[in-house]
Student: 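Here it is: the structure, laid out below.
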Amino acid sequence: PFEGVAWTPRPPQGLPQDCFACIAKPPALRQASPVLSPSSAVYLMESKSCKGDSLRPAVPCKHSVEKKTMTNPTTVIEIYPDTTEVNDYYLWSIFNFVYLNFCCLGFIALAYSLKVRDKKLLNDLNGAVEDAKTARLFNITSSALATFCIILIFIFLRYPLTDY
């Protein structure tokens, strides 16, 4: 009944049933053949695996070997230091720059306050803390010296030097 039909042996596949990566690939993608012959057409139409087929040797899948050596997947969460607690003294620096800019100390304090904000965005906590201390120092100095000068001006206006 099957005249002219030649028997072609199946290539050994032996793919495990649980490996989706290997089962999902059709045989044409696993073995590239430039020209389809009648024997390869039969090969394409065959089922990918069969539990009852004892002629196929059991070949371990490379994906199942990787699964055995792979540990449990873990999630890595990067925790950055909380830079919101570093005070940048920005408003105090602007006030000193506009109203109490004694010998440009308010401008220097404003520059350090801006550096603190930049370092907070870059998550450089140590640099932000150091620049915040410097900005606070310049703000204190500018405020103290400007207040001292304003008090001296009021004293000299109230008691001119001609009275002495």
Student: Out of curiosity, Thr147 OG1 to Ile151 CD1, how far, rounded to the nearest 0.5 Å?
Tutor: 6.5 Å
Student: Once you round to the nearest 0.5 Å, how far does NZ of Lys115 lie from CG of Asp88?
Tutor: 14.0 Å
Student: Ignoring hydrogens, what is the shortest heavy-atom contact between Asp124 and Gly127? Give both atom names and the distance.
Tutor: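 Closest heavy-atom pair between Asp124 and Gly127: OD1-N, 3.3 Å.
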Student: Just by modelled atom types, is the Val86 backbone N or O under 3.5 Å from a matching donor or acceptor in the Lys120 side chain?
Tutor: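 Side chain of Lys120 to backbone of Val86, a donor-acceptor pair under 3.5 Å: yes, one is there.
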Student: Are Leu145 and Cys103 packed together at the side-chain level, in the sense that at least one heavy-atom pair is separated by less than 4.5 angstrom?
Tutor: no
Student: Do Tyr99 and Tyr90 land in one hydrophobic cluster if side-chain heavy atoms of ILVMFWY residues count as linked below 4.5 Å?
Tutor: yes
Student: How long is the straight-line distance from CZ of Phe156 back to CG of Leu161, given to the nearest 0.5 Å?
Tutor: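 Taking CG in Leu161 and CZ in Phe156, the distance rounds to 5.0 Å.
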Student: Give a yes or no on whether Phe102 and Ile150 share a hydrophobic cluster (residues Ile, Leu, Val, Met, Phe, Trp, Tyr; joining criterion: side-chain heavy atoms under 4.5 Å apart).
Tutor: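 Different hydrophobic clusters.
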Student: Hey, are the side chains of Asn139 and Tyr112 touching, using non-hydrogen atoms and a 4.5 Å cut-off?
Tutor: no
Student: What heavy-atom pair brings Leu100 and Ala146 nearest, and what distance separates the two atoms?
Tutor: CB-CB, 3.5 Å
Student: Are Leu125 and Val116 linked, directly or through other ILVMFWY residues, by side chains that come within less than 4.5 angstrom of each other?
Tutor: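 Cluster IDs for Leu125 and Val116 match.
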Student: Are Ser142 and Asn101 linked by a side-chain donor-acceptor pair shorter than 3.5 Å?
Tutor: no
Student: Could you pull out all residues at least two apart from Phe97 that satisfy ring pair (Phe, Tyr, Trp, His ring centres under 6.0 Å)?
Tutor: Phe107
Student: OG/Ser113 to CD1/Ile108 distance, rounded to the nearest 0.5 angstrom?
Tutor: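 Spacing of OG (Ser113) from CD1 (Ile108) equals 12.0 Å.
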Student: When Ile, Leu, Val, Met, Phe, Trp and Tyr are grouped by side-chain heavy atoms lying under 4.5 Å apart, directly or through other members, which residues fall in the same group as Ile140?
Tutor: Tyr89, Trp92
Student: Look up atom CG in Leu110 and atom CD1 in Ile94, then write down how far apart they are to the nearest 0.5 Å.
Tutor: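 Result: 6.0 Å between the selected atoms.
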